[in-house]
Amino acid sequence: MLDLQFICDHREEVEQNCKARGVTVNVEAVVRLRDERNKLIVAGDELRRQQKEASGKIPKASAEERPQLIELGKQLREQISEVESQQKAVEEELRSEQAQIPNMTHPDVPVGGEDDAAEVRFGGKKPEFDFKPLDHVEIAAKLDLIDFEAGSRVAGHGFYYLKNDAVMLEMALVQFALSKLRSEGFTLYTTPDVARDSVLEGIGFNPRGDETQIYSIANTDLSLVATAEITLGGALKDQTLNISELPLKFAGLSHCFRTEAGSHGRSTRGIYRVHQFTKVEMFAFTSPDSGQSDAVHQEIVRIEEEIFQALGLHYRLIDTATGDLGGPAYRKYDLEAWMPGRGDGGSYGEVTSASNCTDYQARRLNIRCKSPDKKGTQYVHTLNGTAISCARAIIAILENYQQADGSVVVPEVLRPWVGKDVIAV
RNA sequence: GGAGAGGUGGCAGAGUGGCCGAUUGCACCGGUCUUGAAAACCGGCGUGGGGUCAAACCUACCGUGGGUUCAAAUCCCACCCUCUCCGCCA
């Protein structure tokens, strides 16, 4: 959520930003509702003051004065409850308008849609094949690594069983990512796979809407998490941190559940777009100065790149354009790994993303920090980034490391955990 | 799942209808004393909203949401959470 005061003071900038992001919102309504709310607050405060005054006199009042004061108090109570219900209605409307306004955007972010992302740089080397590379579905079939049929029988389309060495590969990726993050000073967590709807909303998900990506659990206020971003960010909900302990860097392992409503037929082959996968996520809380959050953002991207470099995979780093940012992000970098079996002749597929959400999530989650020299508190900045998203990383490994004989070489850094150098029949 | 206890400011911990936004202790900040430090003493010290050039000031907040009352931390209801014991269980 964007700061109310900021929206009202920078109306044109906010409107321009929404336009660049392709979001239609009613900034005018926010300003109008804010003014309306303020009037009601002032009126309510005055009535409450009068009521306090009247009821404060009662204990000392004479027998004659008392009934009058009680009568006055009754009247004031009615007026107050009238003003309060108006205020509540206005605030509800205000909040829902305000919630639709996306975060502001880093000035260097390219303007446009999905195709306007800026290519920042490339890493690793594209593999060369002297045979026609297969896609991960075919490779997995030959090596008996994924059971899609069992997945559908048991849970439906979009679910799968990893099997045999694919299981070891997934565990190896998790171990590798966690080891790397521990050495980078992250605090490691395994997190709940469910969270309260209020936490999901704080991070920026709509758990129960028509177009939700979220599985919710009937008769509870719990939903399955779509990413550990939700549980890691939510971990410090309503907390006030000391600015000297920032930045805090968390890493969390969780399962991720997504309904993928409305995306059927779009890159759904294999395990590219699935309803459940395992992911190691980074999350950082920084002080509210964009210098620190920008620096941590670069650090998160650096770590993502180092992970894919260590895996020996070719990738490109893109700076996501305004229209493709999503509400909470101020800036977002995606790492796209080369997937030789994808599409016709290979293509890049998104494997990580790293967002700086500035104070947008912190405001709704109410995560603040305090500095000794400043009165009051400020909202922290939050950032998140993927260390390893297992399903897609497995696609990249299988397709890039496939051999003419159908076997798959295990990336060197994963061998200690996979326990072999080559996955073969 | 059953029984009990409890949730109050950074922490500990009083407060059972009006004098309570809240006693006290610790922590923290400033000062006196001291060569310096500690101790002692004095003073300060919550968060949000409104308001103001800035203050003053007003208002809200004692787990959350409702209710009773002229008046609620305090009484009533629901929910959430924590702890102890019992049962069940990987």
Side-chain angles (χ1 to χ4, degrees), chain A residues 1-9 30-95 97-99 190-202 207-208 216-223 231 234-246 248 255 285 287-288 359 362-380:
Chain A
M1 195 158 56
L2 211 52
D3 181 52
L4 188 55
Q5 188 74 42
F6 180 89
I7 297 168
C8 295
D9 292 348
V30 172
V31 177
R32 178 175 50 77
L33 289 163
R34 204 265 311 234
D35 291 345
E36 216 170 298
R37 181 197 69 144
N38 285 5
K39 274 186 199 133
L40 290 166
I41 287 173
V42 170
D45 279 0
E46 173 57 20
L47 288 168
R48 268 184 291 270
R49 194 195 58 73
Q50 288 176 25
Q51 186 187 48
K52 274 179 124 177
E53 195 177 40
S55 60
K57 283 181 191 161
I58 289 177
K60 287 167 278 176
S62 63
E64 306 89 73
E65 290 171 325
R66 200 165 287 210
Q68 290 173 33
L69 286 167
I70 289 175
E71 184 51 36
L72 176 62
K74 275 186 181 168
Q75 285 173 20
L76 286 167
R77 183 173 67 193
E78 274 167 33
Q79 291 176 44
I80 287 167
S81 89
E82 171 61 22
V83 170
E84 276 176 349
S85 69
Q86 285 177 34
Q87 187 184 331
K88 204 172 165 186
V90 168
E91 265 170 359
E92 209 168 295
E93 205 183 332
L94 172 60
R95 209 178 158 73
E97 291 289 345
Q98 188 186 351
T190 60
T191 83
D193 285 341
V194 300
R196 286 179 203 289
D197 289 344
S198 61
V199 174
L200 289 262
E201 281 157 13
R208 312 261 167 171
S216 53
I217 301 172
N219 304 318
T220 70
D221 67 340
L222 294 171
S223 294
T231 44
L236 295 183
K237 189 173 189 293
D238 296 322
Q239 302 303 299
T240 303
L241 311 168
N242 193 318
I243 200 159
S244 63
E245 61 188 318
L246 300 174
L248 283 174
H255 290 115
F285 304 86
S287 73
D359 61 4
R363 184 165 292 106
R364 240 192 301 206
L365 288 170
N366 188 31
I367 304 174
R368 295 170 295 164
C369 67
K370 197 163 170 45
S371 37
D373 52 326
K374 267 196 205 117
K375 205 173 145 56
T377 55
Q378 296 168 280
Y379 291 107
V380 300

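In the text below, chain A, chain B and the rest are named by the order of the sequence lines, each starting its count at 1.
Smallest separation of non-hydrogen atoms from A:V199 and A:L365: O-CD2, 4.1 Å. The minimum heavy-atom distance linking A:L33 with A:V90 is given by the pair O-CG1, 3.6 Å.
To the nearest angstrom, P of B:rG50 lies 18 Å from CG of A:L47. Distance, A:I243 CD1 to B:rG10 P: 17 Å, rounded to whole Å. When rounded to the nearest whole Å, the span between CG of A:D238 and P of B:rU64 equals 10 Å. Atom P of nucleotide B:rC70 and atom CD of A:E64 are separated by 20 Å, given to the nearest angstrom. Between A:I70 atom CD1 and B:rG17 atom C1' there is a gap of 14 Å when expressed in whole angstrom units. Rounded to a whole Å, the CG atom of A:N366 is 14 Å from the C1' atom of B:rG63. The CD-P distance, from A:Q378 to B:rU47, rounds to 12 Å in whole Å. Between A:E71 atom CD and B:rU69 atom C1' there is a gap of 14 Å when expressed in whole angstrom units.
Between the P atoms of B:rG13 and B:rG7, the separation comes to 10 Å (whole Å). Of the P atoms belonging to B:rC83 and B:rG30, the separation is 38 Å, rounded to the nearest Å. A gap of 13 Å separates the P atoms of B:rG44 and B:rU23, to the nearest Å. Spacing between B:rU82 and B:rU8 at atom C1', rounded to whole Å, works out to 15 Å. Nucleotides B:rC77 and B:rG9 are separated by 24 Å at their P atoms, to the nearest Å. Rounded to whole Å, the P atom of B:rG4 lies 16 Å from the corresponding atom of B:rC76. The separation of B:rA40 from B:rA22, taken at their P atoms, amounts to 27 Å, rounded to a whole angstrom. Between B:rC41 and B:rG46, the two P atoms lie 22 Å apart (nearest whole Å).
Using a 4.5 Å heavy-atom cutoff, the side chains of A:L94 and A:V30 are in contact. Here the side chains of A:L2 and A:Q98 are not in contact, with every heavy-atom distance at 4.5 Å or above.
The closest donor-acceptor contact from the side chain of A:Q239 to the backbone of A:K237 lies under 3.5 Å. Under a 3.5 Å cut-off, the side chain of A:Q87 and the backbone N or O of A:R37 do not form any donor-acceptor pair. Remark: the backbone N or O of A:A61 is paired with a side-chain donor or acceptor of A:R66 at under 3.5 angstrom. Put simply, the side chain of A:D197 never gets that close to the backbone of A:P207: no donor and acceptor are under 3.5 Å apart.
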Check the pair A:Q79 / A:Q75 against side chain to side chain donor-acceptor pair (under 3.5 Å), numbers first and verdict last.
-> CA-CA 6 Å; A:Q79 291 176 44; A:Q75 285 173 20; 5.0 Å; no
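B:rG48 is paired with B:rU59 under the criterion used here, namely a Watson-Crick or G-U wobble arrangement in which both key atom distances are under 3.5 Å. Across all strands shown, B:rU82 forms a Watson-Crick or G-U wobble pair, both distances under 3.5 Å, with B:rA5. Judged by Watson-Crick or G-U wobble contacts below 3.5 Å, the nucleotide B:rA90 has no partner. Shown here, B:rG25 forms a base pair with B:rC11; the pair counts as Watson-Crick or G-U wobble because both key distances fall under 3.5 Å. Using Watson-Crick or G-U wobble geometry with both donor-acceptor distances under 3.5 Å, B:rC41 finds its partner in B:rG31.
The side chain of A:I41 has B:rG49 as its nearest neighbour among B:rC70, B:rG49, B:rG48. Checking B:rC58, B:rG51, B:rC70 against every side-chain atom of A:N38, the shortest atom distance belongs to B:rG51. With B:rC70, B:rA60, B:rG49 as the candidates, the nucleotide lying closest to the side chain of A:I58 is B:rC70. Ranking B:rG18, B:rU59, B:rG48 by closeness to the A:R368 side chain, first place goes to B:rG48.
In this structure, A:Y379 and A:K74 both approach RNA chain B, and ranking their closest nucleotides by distance from the 5' end singles out A:Y379.
For the pair A:R196 and B:rC80, the criterion of a side-chain N or O lying under 4.0 Å from OP1 or OP2 is not met. A:T377 has a side-chain polar atom (N or O) that falls below the 4.0 Å cut-off from OP1 or OP2 of B:rG48. The side chain of A:K88 contributes an N or O atom lying less than 4.0 Å from OP1 or OP2 of B:rG66. Side-chain nitrogen and oxygen atoms of A:K52 include at least one within less than 4.0 Å of the OP1 or OP2 phosphate oxygen of B:rA60. At the phosphate of B:rA71, OP1 or OP2 sits under 4.0 Å from a side-chain N or O atom of A:Q51. Considering only side-chain N and O atoms, A:K370 lies nowhere under 4.0 angstrom from the phosphate OP1 or OP2 of B:rG46.
For the side chain to side chain contact (heavy atoms under 4.5 Å, CB included) test, residues two or more places apart in sequence or in another chain that qualify with A:P288 are A:I243, A:C369, A:Q378, A:H381.
A:R77 comes within 4.0 angstrom of a base, heavy atoms only. A:R37 comes within 4.0 angstrom of sugar-phosphate atoms only, judged by non-hydrogen atoms across all strands, and of no base.
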Protein-nucleic acid N or O pairs under 3.5 Å, nucleotides 55-57 of chain B:
none

